[in-house]
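Single-structure report; data block below.
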Amino acid sequence: IAFIVRRWKLLNRKDLAVYFIMGTENCKNENPLHLLEEALQAGITIFQLREKGKQPLVGKELEQFAMKCKALCKQYQVPFIINDDVDLALKIDADGVHVGQDDAPLQEIRKKFQGKIIGVSVHNEEEMMNAVKWGADYVGIGPIYETKSKPDAKKPEGVTFLKKARNMYPDFPIVAIGGITPMNAKEVLESGADGVAVISAICDSGNRKETVQLLKGFKLIEKKEF
Ligand code: TZP
Ligand code: MG
């Protein structure tokens, strides 16, 4: 029972409501930690540090930055996830890691990540089945729409596979990603996503509080769970 309770507490579907992703390259002229704190104050429900691009932080600098992000997330009681870098996630005791299909096999990561969150990007039924089978805590599906934030992103998929995935797994935590904004979030949530994962919608927003509330508000309207 303890195991079940622990696993259950790891991640709830509602934690995916507004999944903010950021790295220093997404912050333009703003201080990344300041931007993250504003997003936390605005009500994001989970955060992923995704350090990519031409001049990413690496080594000790990345580690120190990640530690500061972790401390901020803890202050707001928001799960802190690290993209790709399993060793860094372990080293600084992040709440979890998010991996793609090109990263280490899920079975191996799961062994190292007992009691931590593992998210996996999936694009088709087979990848989805494997993610569920090998113990992912949630999957990310996308890109749904055209994105400017990932140069090597696949072609936008629309909501076709998202709907299929939801039909296959009625209760599995699913977050949608790629070009999502308050303008199109409703379609994504109606297609079965538990939440939206965004970079630019929050990083480039002139009013982060309003943006996060809009992204959340659709969910409150959509999920009549009372
Ligand atoms: N994976 C698929 S699309 C994407 C990632 C990391 C980028 C999402 O960024 P945006 O700005 O919300 O489109
Ligand atoms: Mg990856």
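In what follows, residues are counted from 1 in the order of the sequence shown. Counting starts at 1 for both ligands and their atoms, following the listed order.
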Problem - Which residue and heavy atom of the protein sit nearest atom 12 (O) of ligand 1, plus the separation - result: Ile199 N, 2.9 Å

Going by atom type alone, with no hydrogens or angles, which donor-acceptor pairs under 3.5 Å involve a side-chain atom of residues 32-42 and a protein atom two or more places apart or on another chain?
{"residue": "Glu37", "atom": "OE2", "partner": "Tyr76", "partner atom": "OH", "Å": "2.8"}
{"residue": "Glu38", "atom": "OE1", "partner": "Arg208", "partner atom": "NH1", "Å": "3.0"}
{"residue": "Gln41", "atom": "NE2", "partner": "Tyr76", "partner atom": "OH", "Å": "3.2"}

Completion exercise
In terms of heavy-atom contacts, Ile180 and Ala201 come closest through O-CB, 3.4 Å

Problem - Asn184 side chain to Gly179 backbone, donor-acceptor under 3.5 Å - result: yes

Exercise for the section: Flag yes if more than 12 heavy atoms outside Met67 fall under 6.0 Å of its CE atom; otherwise flag no. Expected result: no

Practice task
Look at atom CG of Asn167 and say whether more than 12 heavy atoms of other residues, nucleotides or ligands are closer to it than 6.0 Å.
Solution key: yes

Exercise for the section: Check whether any N or O atom of Thr147, backbone or side chain, sits under 3.5 Å from an N or O atom of ligand 1, and answer yes or no. Expected result: yes

Exercise for the section: Examine distances only and state if a side-chain atom of Glu63 and a backbone atom of Leu88 form a donor-acceptor pair shorter than 3.5 Å. Expected result: no

Exercise for the section: Using a cut-off of 2.8 Å, find all protein N, O or S atoms closer to the Mg ion (ligand 2) than that distance. Expected result: Asp84 OD1, Asp103 OD2

Problem - Heavy-atom gap Lys154 to ligand 1 smaller than 4.0 Å - result: no

Practice task
Take atom CD of Gln75 as the centre, draw a 6.0 Å sphere, and report whether it contains more than 12 heavy atoms from other residues, nucleotides or ligands.
Solution key: yes

Handout entry: Closest candidate by heavy atom, reference atom 3 (S) of ligand 1, pool Gly178, Pro151, Cys203
Key = Gly178

Problem - Gly179 heavy atom under 4.0 Å from ligand 1 - result: yes

Handout entry: Electrostatic pair Asp204-Lys28, nearest N-O below 4.0 angstrom
Key = yes

Practice task
Check ligand 1 against Val198 and write out every atom of the ligand that is under 4.0 Å from a heavy-atom position of the residue.
Solution key: 12 (O)

Handout entry: Contact partition for Ser200 relative to ligand 1, non-hydrogen atoms under 4.0 Å
Key = both

Problem - Close N or O approach (Lys148, ligand 1; < 3.5 Å) - result: no

Exercise for the section: Could you check Arg13 against Asp15 for salt bridge (Lys or Arg N to Asp or Glu O under 4.0 Å), going step by step and ending with a plain yes or no? Expected result: CA-CA 5 Å; Arg13 285 172 69 186; Asp15 296 330; over 6 Å; no

Handout entry: N or O pair under 3.5 Å between Ile177 and ligand 1
Key = no

Exercise for the section: Using a strict 4.0 Å threshold on nitrogen-to-oxygen distance, state whether Asp95 and Lys74 make a salt bridge. Expected result: no

Practice task
Look at the aromatic rings of Phe47 and Phe20 and report parallel, tilted or perpendicular, splitting at 30° and 60°.
Solution key: tilted

Handout entry: atom 1 (N) of ligand 1 [closest protein heavy-atom partner, distance rounded to 0.1 Å]
Key = Lys150 CD, 3.4 Å

